[in-house]
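For reference, the structure discussed in these notes is given below.
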Amino acid sequence: MNGNNILIQHYDTNSSSWVTFAAVKSQEVQTEARAIEIASATQQDWEEFVAGRKSWSINCSYLVLTNIGLKDLLNIGNRVRVRVITRGDSPTYLQGYALILQAKQTHTKGTLVQGSFSFKGTGPLTASE
């Protein structure tokens, strides 16, 4: 799979449609499960665990294309519906609700403005059928 073929989208309730983040340069999707230690009647020397609750997060970087993109910094704390989708004729995707925990932009004279978002999943991350 080529990283260029992955898009991160959010659901725009105003237009009732999925919107792709502009010029996403890279993204990192992470899932994890907690480990819960259990007591064992047969094993006193070694720890044993069962899987606990799951969580997910997405970090992405992008190019800020217009002056309107400066307002992206004000989106922290918002709950959004996000989707990671492959490009092509039969796309597959993961989607869920997430909080925007961090929005960052780097403005350097003579270069394109770079931005990044950090999303923390709130609820399940589900796959396309």
Side-chain angles (χ1 to χ4, degrees):
M1 184 183 304
N2 186 324
N4 183 48
N5 292 331
I6 304 291
L7 303 171
I8 293 186
Q9 302 178 317
H10 74 92
Y11 191 76
D12 181 9
T13 54
N14 294 327
S15 65
S16 298
S17 63
W18 288 96
V19 178
T20 301
F21 281 81
V24 171
K25 292 177 33 181
S26 67
Q27 55 275 331
E28 180 180 88
V29 181
Q30 179 176 329
T31 59
E32 61 184 77
R34 292 189 183 171
I36 300 171
E37 186 175 359
I38 59 171
S40 173
T42 60
Q43 180 56 257
Q44 291 77 34
D45 294 335
W46 295 94
E47 296 177 334
E48 291 185 20
F49 297 90
V50 295
R53 298 183 74 174
K54 301 172 186 175
S55 65
W56 60 276
S57 62
I58 297 173
N59 295 312
C60 69
S61 63
Y62 65 102
L63 297 175
V64 179
L65 299 178
T66 66
N67 290 337
I68 296 171
L70 187 61
K71 292 182 180 178
D72 289 345
L73 295 170
L74 303 176
N75 288 325
I76 56 169
N78 290 345
R79 181 176 181 258
V80 294
R81 191 170 162 197
V82 294
R83 177 163 70 172
V84 179
I85 185 169
T86 59
R87 299 181 196 229
D89 295 332
S90 19
T92 58
Y93 59 85
L94 299 173
Q95 70 179 10
Y97 286 95
L99 298 176
I100 301 175
L101 295 184
Q102 183 181 58
K104 177 180 174 182
Q105 292 183 356
T106 304
H107 302 249
T108 306
K109 184 177 180 179
T111 63
L112 295 171
V113 176
Q114 311 240 350
S116 65
F117 282 112
S118 292
F119 299 96
K120 179 66 175 168
T122 174
L125 184 64
T126 58
S128 60
E129 298 288 323

Using the side chain to side chain contact (heavy atoms under 4.5 Å, CB included) rule, take Arg83 and Trp18 through it: C-alpha gap first, then chi angles, then the decisive distance, then the call. CA-CA 8 Å; Arg83 177 163 70 172; Trp18 288 96; 3.0 Å; yes
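- Without hydrogens or angle criteria, Gln102 side chain to Lys104 main chain gives no donor-acceptor distance under 3.5 Å.
- The number of heavy-atom neighbours closer than 6.0 Å to NZ of Lys54, taken from other residues, nucleotides and ligands shown, is 12 or below.
- Partner of Val113 under the side chain to side chain contact (heavy atoms under 4.5 Å, CB included) criterion, out of Leu70, Val64, Thr106, Thr108: Val64 alone.
- Nearest heavy-atom pair, Leu73 versus Ala103, reported as atom, atom and distance to 0.1 Å: CD2-O, 3.6 Å.
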Thr126/Gln95 under side chain to side chain contact (heavy atoms under 4.5 Å, CB included): CA gap, chis, key distance, verdict: CA-CA 5 Å; Thr126 58; Gln95 70 179 10; 3.8 Å; yes
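- Closest approach of Leu99 and Gly77 over heavy atoms only: CD2-O, 4.2 Å.
- Side chains of Gln114 and Gln105 form no contact here, defined as non-hydrogen atoms less than 4.5 Å apart.
- Of all non-hydrogen atoms in Glu48 and Ser40, the two that sit nearest each other are OE2-OG, 3.4 Å.
- In this structure, Arg34 places its CZ atom where only 12 or fewer heavy-atom neighbours from other residues, nucleotides or ligands lie under 6.0 Å away.
- Among the candidates Cys60, Ser61, Ser116, the single residue satisfying the side chain to side chain contact (heavy atoms under 4.5 Å, CB included) test with Ser26 is Ser61.
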Gln27 and Phe119: CA distance, side-chain angles, deciding distance, side chain to side chain contact (heavy atoms under 4.5 Å, CB included) verdict: CA-CA 11 Å; Gln27 55 275 331; Phe119 299 96; over 6 Å; no
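- When the shell of 6.0 Å around CD1 of Ile36 is examined, it contains more than 12 heavy atoms from other residues, nucleotides or ligands.
- Between Phe117 and Tyr62, the ring planes are parallel. Angles under 30° get that label, and only those over 60° would be called perpendicular.
- Of the possible donor and acceptor atoms, one in the side chain of Gln44 sits under 3.5 Å from a partner among the backbone N and O of Ala41.
- Taken to the nearest 0.5 Å, the OG1 atom of Thr122 stands 5.5 Å off from the CZ atom of Arg79.
- With a 4.5 Å cut-off on side-chain heavy atoms, Ile58 and Val84 count as touching.
- For the pair Trp56 (side chain) and Gly96 (backbone), a donor-acceptor distance under 3.5 Å is absent.
- When the side chains of ILVMFWY residues are joined at heavy-atom separations under 4.5 Å, either directly or via intervening members, Leu94 and Val80 end up in a single hydrophobic cluster.
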How far apart are the C-alpha atoms of Gln30 and Glu32, what are their side-chain angles, what is the distance that settles it, and do they pass the side-chain hydrogen bond (donor to acceptor under 3.5 Å, both in side chains) test? CA-CA 7 Å; Gln30 179 176 329; Glu32 61 184 77; 2.9 Å; yes
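- Both Val82 and Val29 are part of a single hydrophobic cluster, where members link through side-chain heavy atoms under 4.5 Å apart.
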Any chance you could lay out the side-chain hydrogen bond (donor to acceptor under 3.5 Å, both in side chains) test for Ser118 and Asn59, step after step, and finish with the verdict? CA-CA 5 Å; Ser118 292; Asn59 295 312; 2.9 Å; yes
